[in-house]
Amino acid sequence: MAERFDLLVVGGGHAGCEAALAGAKMGARTGLILLDLADLAWMPCNPSIGGPAKGHLVKEIDALGGVMGRAADATYLQIRRLNTSKGPAVPALRAQIDKYAYQHWMRRTLERQENLSLAQGEVVAVLVEGDRVRGVRLRGGEEVYARTVVLTTGTFLGAVIHLGLEHYPAGPQNRAPANELAASLRSLGFTLRRLKTGTPARVRGRSLCWAEMERQKGEELSRGFSFWRELPRRPQHDSWLTYTQPATHELIRAHLHETALYGGKIVGVGPRYCPSIESKIVRFPERERHQVFVEPESEATDEWYLAGLSTSLPPKVQIEILHTIPGLRQAEIVRPGYAIEYDAIEATVLHPTLESRAVTGLFFAGQINGTSGYEEAAAQGLVAGINAVLSLRGEKPLILRRDQAYIGVLIDEIVTKESDEPFRMLTARVEHRLLLRGETADLRLAEIGYGLGLIPAEDYERFLRRRERLAAAEELLATRRNPGSELTAWANRHRTTPPSHVVSLRELLRRPEIDLAALAELEPALAALPAEEAEEITLSVKYEGYIARARAEAERLRAMEDQPLSPDLDYAVIPNLSQEAVEKLSKIRPMTLGQAGRISGISPADLLALLVHLRR
Amino acid sequence: MVRISGREALVVADRVLRLAKGMPLSFLPPRTVYYGRVVDAEGREIDEVLSFYFRGPKSYTGEDLVEIQAHGGPVILRRILAAVLAAGAVLAEPGEFTARAVYNGRINLIQAEAVLDLIRAKTDVAAEAAFHRLAGEAGREITALEEELLGLLAAIEGWLDFPEEVEAPPEVAARARTILARFDALLAGAERGRLLNEGAAVAIVGRPNAGKSSLLNALLGEERAIVTEIPGTTRDAVAEECNLGGIPVRLVDTAGLGPPGDRLEALGMERSRREIARADAVLFVLDGSEELTAADEAVGAEVAGCRGVVAINKSDLPLKLQGVPSTVLGWPVVRVSALTQSGLDGLVTALMEVLGGRPGEGTPALSNLRQIEAAREARRAVAAFLEGLARGVPWDFLAAELRAALTAIGRLSGRTVTSAVIDEIFTRFCLGK
């Protein structure tokens with residue numbers, strides 16, 4: 001590899017790809033090194049991107065100039081909108097991805113990128129001089145020097161696979177694990193914790209009985225995750241829905257003792273929101289059946305994914321279990337399901353920039369920070385890559401606020417709150433959810449992405465035009481008042497009461513029975529608005545009461561967020577701070593009073609004591 | 001008594017106490033009374049004292065807490081306090097001990113306010129109600145409602161975040177309606193709870209010689225012993241406090257209503273008008289033994305638009321009065337005799353009805369305007385949730401209503417309360433408790 005990099009990314013998963021591309025686009029001499037180049041941008045679990053909160057993250061990544069949204073749009077097998085009937089803040093795209101096409105797309109994108117070198121190798125140590133990172137050492141002894149390093153080790157670090165009661169050192173799908181790097185991190189003073197996740201068996205499509213399952217079709221959509229391009233038309237593939245049976249549950253109960261978790265072998269903590277089928281049956285004994293989605297993995301293979309059947313039972317039991325389920329009665333297993341344990345750091349040792357507080361220039365992103373999910377990883381990778389370059393330039397870091405982006409909430413949560421299970425993004429974690437709709441991610445973030453040099457000028461100009469169109473339409477609605485004579489006929493046509501006095505179009509739009517298409521009859525300029533923008537305007541008017549309240553709440557909280565705390569603050573000398581608070585604050589080192597308040601165990605009294613101290 | 005709380009409480013106590021046991025208080029077991037002396041910084045003995053201490057978190061404040069009991073007397077207490085301050089303590093802000101108890105999670109806000117209510121209770125019923133709140137009985141309903149709301153919100157949030165796995169929560173409207181009904185029940189007793197603690201002001205009006213003063217004295221009756229007289233001239237409004245059905249009521253005898261005579265009388269009239277505007281209810285006294293006069297009508301005009309009760313006095317004499325002034329037509333009418341005291345119970349009941357504090361309906365859970373406002377706000381949000389549900393408002397907006405309800409109720413349970421609210425409450429406490 002080259003003599004010296006500005007930015008060296010270790011790991012080529014979803015976090016690593018975003019970090020490397022962002023760094024290179026910002027002009028840094030960037031290297032990306034991973035265990036096996038063939039695994040670049042790999043989805044070792046479900047080849048699916050999006051869903052509530054995760055879909056929001058992808059849109060925000062895209063709005064900032066990341067690539068995950070573009071890659072998903074280019075390689076989907078099926079795409080659908082979820083939650084459309086539940087309100088404007090929670091709908092989300094979910095795409096089934098052609099996992100090999102995705103990897104190829106990403107590989108080509110990285111290879112075409114200037115300033116970026118790709119290489120295969122195992123990083124066995126992080127080199128540190130004083131309190132600054134210097135680079136890494138590879139297996140074979142070669143040292144690669146870099147001014148900043150982003151570690152994105154995913155589930156490879158210290159990985160152990162559990163298959164029934166057997167376990168052995170291995171990364172996902174039996175890849176080689178990264179064991180020595182874990183030891184190097186420990187020697188640098190990082191505390192590693194064990195986390196656990198799992199994956200279901202893959203089966204051969206030809207062995208399945210489609211007639212016994214319900215077909216799930218994709219939707220024809222013109223917009224995908226990306227704001228910058230229309231969604232390419234691709235042939236969509238169906239997925240299939242089936243259910244576990246009482247016999248399935250009996251069989252699983254009978255073999256529970258043969259799983260690593262219930263047999264007592266796993267110490268890592270698994271995610272509550274993505275449980276194995278064993279866990280579901282133990283924790284919800286009253287449920288008579290559980291859903292199983294049978295989903296395609298790629299056009300290049302007849303391998304199918306069984307969403308909902310994650311398991312670490314022995315393979316011979318796994319096949320018996322599948323054979324109790326309609327559609328799967330003759331299923332052939334291509335790869336068995338397994339549970340995997342891996343090392344993660346405590347992300348509370350990081351700045352909100354994702355840089356280590358102890359080792360300057362060393363950044364962490366993705367599952368090594370205790371998160372789960374491709375989208376969560378990509379979001380962190382992007383932010384870590386950006387901040388690594390900004391730190392080299394001595395510029396102000398990118399720290400997104402909680403009322404600005406889901407990414408802001410995600411990073412604030414992981415660097416602030418100690419957690420013993422993998423962290424998944426949820427819309428319920430986002431207190432300003434009504435202000436952070438997926439469709440407005442570009443309005444919130446594109447300016448930042450452009451400022452960083454991650455969005456090409458022609459895309460940005462298109463965005464500016466979109467923003468101007470929205471502003472012009474808002475202006476038109478607020479000021480345009482039609483003569484009463486015109487309104488009466490119009491009102492009758494749309495079965496609404498003719499207004500008794502002169503009103504603006506905006507006031508008319510507030511009426512539940514009136515939409516923008518109806519108003520376009522009064523003001524033809526409105527007809528020219530693209531569908532997403534018409535929807536945007538309609539929502540902002542129809543629910544302005546709720547939105548105004550959400551804004552006011554965000555403003556109220558801003559005061560706390562704007563109160564900075566020095567990273568060198570000696571908490572031990574602050575009067576009236578509880579012992580627990582002193583310990584937690586000294587460990588987590590919040591950047592603002594607002595962040596301090598979100599640390600578990602910090603009471604209002606502690607905040608008050610801090611506030612009093614700050615005012616002194 | 002001098003009380004010391006905080007991380008260094010025992011350090012301070014060890015500096016000022018010389019115990020008969022011959023060792024520092026902090027070396028001895030807690031919750032036991034020790035005899036000894038207090039000394040000042042120069043080692044001079046101030047008084048013989050009894051002292052004991054509690055280890056946090058098992059204390060009133062949740063911190064280490066020392067109490068020193070002396071013989072009393074302001075000079076001794078001041079000298080002991082000076083010695084304690086010289087040993088490193090700082091003087092407590094008003095209400096700071098209870099504030100610390102809340103901060104340290106020992107009691108919730110409702111209980112903290114109950115401490116204040118208990119100290120200040122003016123009637124037995126009010127003291128009893130405050131004690132029940134302190135014991136946490138009433139707070140339990142608040143906590144239960146909070147749990148219900150959290151459960152409902154979680155069911156909805158789960159469905160929003162996991163559309164492919166979690167089904168739509170069943171019976172959302174029914175659950176919300178039950179919560180609403182429970183808020184209504186909570187608020188129904190609230191006005192009485194507030195009256196019990198904050199009391200009410202009743203202005204007694206009527207033309208001269210209608211019998212205002214004698215009715216006032218009759219109402220005061222045996223309670224006179226605990227009455228305090230607020231000084232004023234004979235032409236001013238005179239206020240007396242009494243206990244009507246458990247509610248502390250400030251009865252204000254207004255003077256000089258009617259056509260003004262001299263300048264002094266005009267001044268008294270201004271004052272009376274202010275009292276009427278300030279009162280929670282008006283007691284309008286008419287003389288039943290005479291016909292309605294122009295003076296009665298003039299008084300009636302002064303109280304137009306108020307809430308109140310009409311008392312037709314002198315029921316011991318033949319009734320000559322026919323009708324009441326038109327401005328008070330909707331008010332309840334009670335016949336009484338200040339002389340024989342007949343009809344007084346009916347009058348008190350009618351006054352309580354008008355004030356919204358019907359007696360004998362159990363222990364009110366909420367006791368002041370801040371608590372009632374928070375409960376009302378939570379109720380409003382739940383009602384808005386139900387109304388939005390019926391109108392087809394999207395679920396993510398509906399969830400925001402439930403969050404608003406939880407934020408409001410959090411101000412009662414103390415879960416989400418901001419330091420600003422806490423400070424406001426605790427400045428109302430008297431020093432040290």
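No hydrogens, no waters, no symmetry mates; every other heavy atom, side chains included, goes into these values. Each chain gets a letter, A, B and so on, in the order the sequences are listed, and its residues count up from 1.
Contacts of A:Pro88 with chain B are made by both backbone and side-chain atoms, with heavy-atom separations under 4.5 Å. Using a 4.5 Å cut-off between heavy atoms, A:Arg437 makes no contact with chain B at all.
Each of A:Glu561, A:Glu431, A:Gln595 was compared with A:Arg402 under the side chain to side chain donor-acceptor pair (under 3.5 Å) criterion, and only A:Glu431 meets it.
Using the six-membered ring where Trp is involved, B:Phe397 and A:Tyr543 have ring planes that are parallel, under 30° apart on the 30 and 60° scheme.
Here A:Arg94 is the residue among A:Arg94, A:His290, A:Lys54, A:Glu553 with the most heavy-atom pairs under 4.5 Å with chain B.
Considering only heavy atoms from C-beta on, A:Val90 stays 4.5 Å or farther from A:Pro52 through its side chain.
A salt bridge links B:Glu157 to B:Arg403: at least one charged side-chain nitrogen sits closer than 4.0 Å to a carboxylate oxygen.
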